[in-house]
Structures are given as C-alpha cells and as structure tokens.
Amino acid sequence: DALMRHPATFREAAVLMASAAAADTAAARALEVRLRYGPAWRVGFVRELVASQNPDVTLSILLAVKEAGSQITAEESSFVATRLLSEGRAREAYLAWVLLLPPAGYNVLGNVYNGDFEGPPGAGPFAWSLQRNSAEIGQGPARQGLALRAAATSKADERLAGQTLVLTPGTWRLSLESRLDGADDEGLVWTLSCAAGRAVALARLPTRPSVDWTTLSTVFTVPEGCEAQRIELRSGSKGRASAWGWFDDVRIDPVVAEG
C-alpha cells in the first residue's frame, strides 16, 4: 500500500500487483478486498491493470468489488470498455460497461444511453462525450428537465457530442426533439456511422431553425459487419458559428416491417 501511494514507485508496484492478480486466484481475491475500500490509488491502478493485463482480469476483479458493495467509478469502467472496444470486442465492451454502471445508470439505459440527459453522465465510449465550450447539459428552455445545448463552431464538421452504440443489423429510426435558436440551416447536424474499420456513413439528420421544440427523425439501416456505431452531433459543412440550439429525447428504435 505504501509503494502504491508514492509516485516514484507506483507504476512498478501496480504492474507487479497486476501480474500477481492475473496469475494467482488468491492474489486476485486479496486485491479485490483491498480495492473495496477505495484507496486513493485505485483509479490509477485500474488503468495500469487494464493496460498490462487481459481486460477480462480487470473486469472480473471490478465485478467482485461491485458485488461487495463498492461503487465502480465511471473512469474505471471506461478503461475496461475502451480496451475491449480497441480489440474489436464491441458487444463484450458494451456488456462490461453496463455491468459496471451504478444503479442510477440503469434508469437511462437504452439503445442511446441517457438520451433524455437526466441520468448520470457516465464516461467512456458508450456515454455522451461533449466538446468543451461547445456542448453542455443544462436546463432546457420551455421544458421541464435537462437537455443538451450545443453551438456550432467556425470549424466545419467538428464533433460537438457523441457516443458509441452497439445496434444489431437491421432498420432503425433515429428521433429527437430539437429547438434551434440560431438561424443557420445545417449549422448543426446529427450523423450516424459505423465505428469500426472504415467509417461508413449510415444517416445524416440536419437540424432546422425553430423557436419551438420540434421532432426530427430519420430511418437508417445497420449492415452486417457493422458491430459498433457512432452517433454524433457535428458542426454543419458550412462551419457557421452562429448556429446553436437545444436537443432532448434522443432515441433509436427498431423499425418493424409491416405485415
């Protein structure tokens, strides 16, 4: 414990502990017990554990820690999910991330996580990532509850907000509530694309100027082999900084074929 608290010896001690936990069940259990009490070095250690060992080892340890009653931080779950996703294990990454969520996170779990922006923000690929100074979650105008506020930057096609999804192949509908206070057409646009390998565009949903909340929607198809997707709010191709607006109730639902 003393070695883990000292910056000069932290990394070496972390790697040794990680190796021991991966090779020996008893060592892993002893580590789980220590981590339950939330030592100050825990987040840094989890980062090193994920980086130096099979991520399944880290997941197993964190699940045991959570089962013992200790909450897993959003940062810790993000390390595991990001590593699994980088290995091309998209569905396993999502499942690991879900299993490590705090109880409140399950209330806003769906095809889009926290699509109404009322839940815990979370961290990692499957939670909203917001561009600093360009997007934030706050009280929506003429609306009860929170919403996403975003402003287009002068840089064209810049990501303002986004998260990774794991939709199955098939036809889906993206819908959301929008209130565009800025007056520029296509100053803000929602996009969907395949996340793995070559980025394949799946859908594009431009916003429209509106002083009232308006429902926008589009239908798209996820092809076979597109195991992970990205939904993003981006600056339009014109890159006009005078467009800004609010968004809420971002949903993705399956389209059921008639008949």
Side-chain angles (χ1 to χ4, degrees), residues 1 4 10-115 119-130 159 161-168 194-197 226-232:
D1 195 85
M4 294 293 289
F10 170 79
R11 193 173 191 285
E12 183 178 357
V15 171
L16 288 173
M17 288 177 61
S19 299
D24 184 75
T25 303
R29 288 176 179 169
L31 180 59
E32 291 165 10
V33 172
R34 184 68 189 93
L35 294 179
R36 291 175 196 172
Y37 299 99
W41 45 263
R42 195 177 89 170
V43 172
F45 171 73
V46 171
R47 182 191 298 110
E48 292 295 335
L49 183 61
V50 171
S52 63
Q53 303 296 328
N54 186 322
D56 296 331
V57 173
T58 310
L59 176 59
S60 176
I61 291 173
L62 290 181
L63 286 174
V65 170
K66 182 181 180 183
E67 187 176 353
S70 178
Q71 183 167 305
I72 305 303
T73 70
E75 215 177 351
E76 290 166 340
S77 65
S78 173
F79 297 148
V80 178
T82 300
R83 170 71 186 275
L84 288 168
L85 197 59
S86 71
E87 294 180 354
R89 301 163 63 184
R91 299 201 179 282
E92 292 175 76
Y94 180 70
L95 178 59
W97 186 80
V98 168
L99 289 173
L100 295 173
L101 279 173
Y106 295 113
N107 296 330
V108 291
L109 195 60
N111 292 320
V112 177
Y113 176 74
N114 198 22
F126 304 109
W128 289 112
S129 171
L130 306 181
R159 181 181 59 79
Q163 66 174 262
T164 300
L165 313 172
V166 284
L167 305 174
T168 56
C194 290
C226 179
E227 294 190 359
Q229 308 82 36
R230 287 287 298 176
I231 179 172
E232 296 181 337

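Being a predicted model, the structure only gives us computed values, none of them experimental. Along the sequence shown, residues carry numbers from 1.
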With a 3.5 Å distance limit and no angle check, can you tell me whether [X] reaches the backbone of [Y] through a side-chain donor-acceptor pair?
X: Glu76; Y: Val46; value: no
X: Arg36; Y: Ser70; value: no
X: Trp128; Y: Asn114; value: yes
X: Ser86; Y: Arg83; value: yes

Problem - OH/Tyr106: more than 12 non-hydrogen atoms of other groups inside 6.0 Å - result: yes
Nearest heavy atoms of [X] and [Y], plus distance in Å:
X: Val80; Y: Pro55; answer: CG1-O, 4.4 Å
X: Gln229; Y: Leu167; answer: OE1-N, 2.7 Å
X: Gly122; Y: Ala127; answer: C-CB, 3.8 Å
X: Ala81; Y: Ala93; answer: O-CB, 3.4 Å
X: Arg230; Y: Pro125; answer: NH1-O, 3.9 Å
X: Ala123; Y: Trp97; answer: O-NE1, 3.0 Å

Let me confirm one number: the [atom1]-[atom2] distance from [X] to [Y], rounded to the nearest 0.5 Å.
X: Leu101; Y: Gln71; atom1: CG; atom2: CD; result: 10.0 Å
X: Tyr94; Y: Leu165; atom1: OH; atom2: CG; result: 8.5 Å
X: Thr164; Y: Glu227; atom1: OG1; atom2: CD; result: 13.5 Å
X: Lys66; Y: Ser77; atom1: NZ; atom2: OG; result: 9.0 Å
X: Leu99; Y: Leu62; atom1: CG; atom2: CG; result: 11.0 Å
X: Thr58; Y: Leu63; atom1: OG1; atom2: CG; result: 10.5 Å

Side-chain contact, heavy-atom cut-off 4.5 Å: [X] with [Y]?
X: Gln163; Y: Val112; value: yes
X: Arg89; Y: Asp56; value: yes
X: Glu87; Y: Glu92; value: no
X: Leu85; Y: Phe126; value: yes
X: Trp41; Y: Leu35; value: yes
X: Thr168; Y: Arg91; value: yes

Practice task
Please lay out, stage by stage, how Val108 and Tyr113 fare under the test side-chain contact (heavy atoms from CB on, under 4.5 Å).
Solution key: CA-CA 6 Å; Val108 291; Tyr113 176 74; 3.6 Å; yes
